[in-house]
Structures are given as structure tokens and as C-alpha cells.
Amino acid sequence: MSVTADDNEVLRNLTLELRRGTVVLAVLSQLETALHGYGLRKALADQGLVVEENTLYPLLRRLESQGLLVSQWREEEKRNKRFYRLSPAGRSILARLLEEWDAIDTALRRMVGLRGKRRAR
Amino acid sequence: MTLLERYLDAVKKLLPRDERDDIGRELAALLGAEMDERAGELGRPLDEDEQEGILRRHGHPALVAAQYRGERGHFAFGREWIGPALFPLYRRILALNLCLTLAVCVVAAVVLKAPPGSAFAATLRHLGLQFGLLTVIFSLANASLGRFPNLRGARRPPGSS
């Protein structure tokens with residue numbers, strides 16, 4: 001069965017949805033030390049997660065308004081930049097999100113594993 | 001005014017007034033840092049094409065502002081006709097337009113003493129027409145978001161795209 005343009009669109013949208021939640025987790029996990037938006041984007045990309053600027057920068061502000069991050073303007077390389085880092089609330093939420101992620105991962109692996117066995121029969 | 005300043009102005013116009021300066025300052029720092037790094041790699045200041053390349057990759061000002069406003073609403077029928085960048089304005093103008101149309105139709109029916117059946121049909125026709133027209137206009141505007149705005153104004157050399 002060939003993959004149609006509609007299938008590709010569906011896949012693109014589902015992938016975006018799947019990534020949306022994991023991007024928050026990735027961002028929080030990198031902000032134990034303070035980083036500015038551009039530095040964070042590079043740090044994520046270096047570890048294999050490319051996030052568009054247009055997604056990442058507004059997300060940082062949103063996480064700050066939710067109390068998960070704190071920010072501070074600092075000069076670096078002759079330019080004033082806003083540095084974000086985890087707040088105490090953000091650190092505790094990150095730990096709980098990681099537990100949730102672990103539970104989802106375990107459950108999904110179990111399901112996919114079972115389905116694989118059934119198919120093999 | 002530099003290309004970056006024009007770009008930031010275009011984004012800021014579409015942001016809530018109380019957040020405009022703060023977001024503008026942060027975006028200026030982020031895009032400026034990216035331009036500095038690129039210039040450092042090249043060992044020379046960026047020309048306008050290179051600056052515009054970075055701004056283009058960052059996105060159309062209307063889409064950038066929509067992300068900061070956290071807009072998710074859209075109008076889709078088979079495919080997306082009006083995206084999150086224009087949807088809030090579309091919804092506001094549509095609501096205003098339909099209310100005015102309804103009011104004018106009711107007043108006209110009362111003044112002209114139209115029979116209820118034909119007044120109702122005429123009102124539905126006018127409401128449908130307004131909805132269709134506005135949706136087409138906003139769909140066309142939405143399609144134009146695929147084209148990046150000309151930030152260079154009159155200084156753009158002739159023949160360049």
C-alpha cells in the first residue's frame with residue numbers, strides 16, 4: 001500500500017503532537033544551569049533535538065509565566081541576554097514529569113512488545 | 001532602520017501592548033546573538049541577504065506573534081483555511097459583522113413590514129453571504145502569510161525576489 005500525501009500530513013501532525021510534550025521535558029532538563037534561548041536551542045540540537053526558534057522562545061516565556069523557570073538579564077559577549085533556569089517548582093515538576101515519562105515509556109514498550117509477539121504467531 | 005529593527009517592529013505591532021517591549025527586547029537579543037555568531041564564523045559583518053535569511057528562518061512576523069500570544073485556534077474544512085495567526089482577528093470581525101448584519105436585517109424587516117417568512121430567508125441569505133465573503137478574504141490573507149514581507153522597502157535592488 002503506497003503512502004499518500006494525506007498520510008504524510010497525518011503523520012506530520014501526529015509527530016508534532018508527540019514532540020510537543022517531550023520538548024517541555026527536554027527544555028526543563030537542560031536548565032539546571034542558566035542558559036539564554038539561543039544557547040539552549042544549540043544545546044538541544046547538539047544532543048539531537050532540533051527545536052524551531054519560533055517554538056522554543058515563546059515556550060520559555062510560557063514556562064516562566066507558569067513559575068517553572070526564572071529569568072535574569074545578563075551581559076554576555078557585549079550583548080544583554082535573558083538567561084533562564086529552573087525554579088524550585090520547576091525542579092520538582094521536572095522530577096514528576098520524568099517519572100510520568102518513564103511510566104509511559106515502560107507501558108508503551110510492553111504494549112509494542114506484546115503486539116510484536118502476536119504478529120509473529 | 002536595520003532589517004532586524006523592521007522585523008521586530010512588524011512582530012511587536014501584533015503583540016499585546018503590555019508585552020510588546022519585553023518580547024521585542026528579548027527577540028532582539030536572540031536574533032542579534034544568532035547574527036553575531038554567523039558574522040563571527042564568516043569573519044565579517046553580515047550583508048542584508050544573510051540577515052534576511054536568518055529572519056526568514058525565524059518566521060513570518062504574524063506567525064511569530066501568534067506563537068507568543070499562544071494562539072491555537074484555526075478554521076479548517078478539509079484543510080486549514082485560516083491559521084492561528086489570523087484566526088483571532090477573523091473571529092472578532094466575523095462576530096461584529098454578523099451582529100451588525102442581523103441588526104440591520106431586523107430593523108429593515110420591521111420598517112418595511114416584511115412578512116416573517118421572507119424576512120427570515122433574507123436574513124439567513126445576508127448572514128451566509130457575510131460569512132462566505134469574510135472567510136474568503138481571510139483565507140486569501142492566510143495564503144499570503146507564506147510570502148515573507150519585504151523588510152527592505154525602497155532599498156531593495158530592482159529584479160531581486
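The sequence lines fix the lettering, A, B, ..., with proteins before strands; numbering per chain opens at 1.
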Steps toward side-chain contact (heavy atoms from CB on, under 4.5 Å) verdict (A:Trp73, B:Arg25): CA-CA 11 Å; A:Trp73 283 92; B:Arg25 189 176 165 215; 3.5 Å; yes

Given the rule that I, L, V, M, F, W and Y join up when any side-chain heavy atoms are under 4.5 Å apart, are [X] and [Y] in one cluster?
| X | Y | result |
| --- | --- | --- |
| B:Leu94 | B:Leu100 | no |
| A:Leu49 | A:Leu98 | yes |
| B:Val106 | B:Val104 | no |
| A:Phe83 | A:Leu63 | no |
| B:Phe131 | B:Leu102 | yes |

If you look at every heavy atom in [X] and [Y], which pair is closest and at what distance?
| X | Y | answer |
| --- | --- | --- |
| A:Gly37 | B:Leu30 | CA-CD2, 3.6 Å |
| A:Lys81 | B:Ala29 | CA-CB, 4.4 Å |
| A:Asn54 | B:Val64 | OD1-CA, 3.4 Å |

Structural part of B:Ile23 lying under 4.5 Å from a heavy atom of chain A: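 The answer is both parts of B:Ile23.
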
Given heavy-atom pairs under 4.5 angstrom as the criterion, report whether the side chain, backbone, both or neither of B:Asp22 touches chain A.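 Interface part for B:Asp22: both.
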
Top of B:Ala28, B:Gly32, B:Gly59 for chain A proximity - count of heavy-atom pairs under 4.5 angstrom: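 Option with the greatest count: B:Gly32.
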
Side chains of A:Tyr57 and B:Gln67 only: does a donor on one sit below 3.5 Å from an acceptor on the other?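 Side chains of A:Tyr57 and B:Gln67: no pair found under 3.5 Å.
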
Who among A:Arg82, A:Glu76, A:Arg61 has the most heavy-atom pairs with chain B under 4.5 Å?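 The option with the most such pairs is A:Arg61.
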
Atom [atom1] of [X] with >12 non-hydrogen neighbours under 6.0 angstrom:
| X | atom1 | result |
| --- | --- | --- |
| A:Glu52 | CD | no |
| A:Arg96 | CZ | no |
| A:Arg85 | CZ | no |

Under-4.0 Å salt bridge between A:Glu53 and B:Arg57: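 Salt bridge flag = yes for B:Arg57 with A:Glu53.
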
For A:Ser71, is it the side chain, the backbone, both, or neither that has a heavy atom closer than 4.5 Å to a heavy atom of chain B?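 No part of A:Ser71 comes within 4.5 Å of chain B.
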
Atom CE in B:Met35, atom OH in A:Tyr38: separation rounded to 0.5 Å?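 The CE atom of B:Met35 sits 11.0 Å away from the OH atom of A:Tyr38.
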
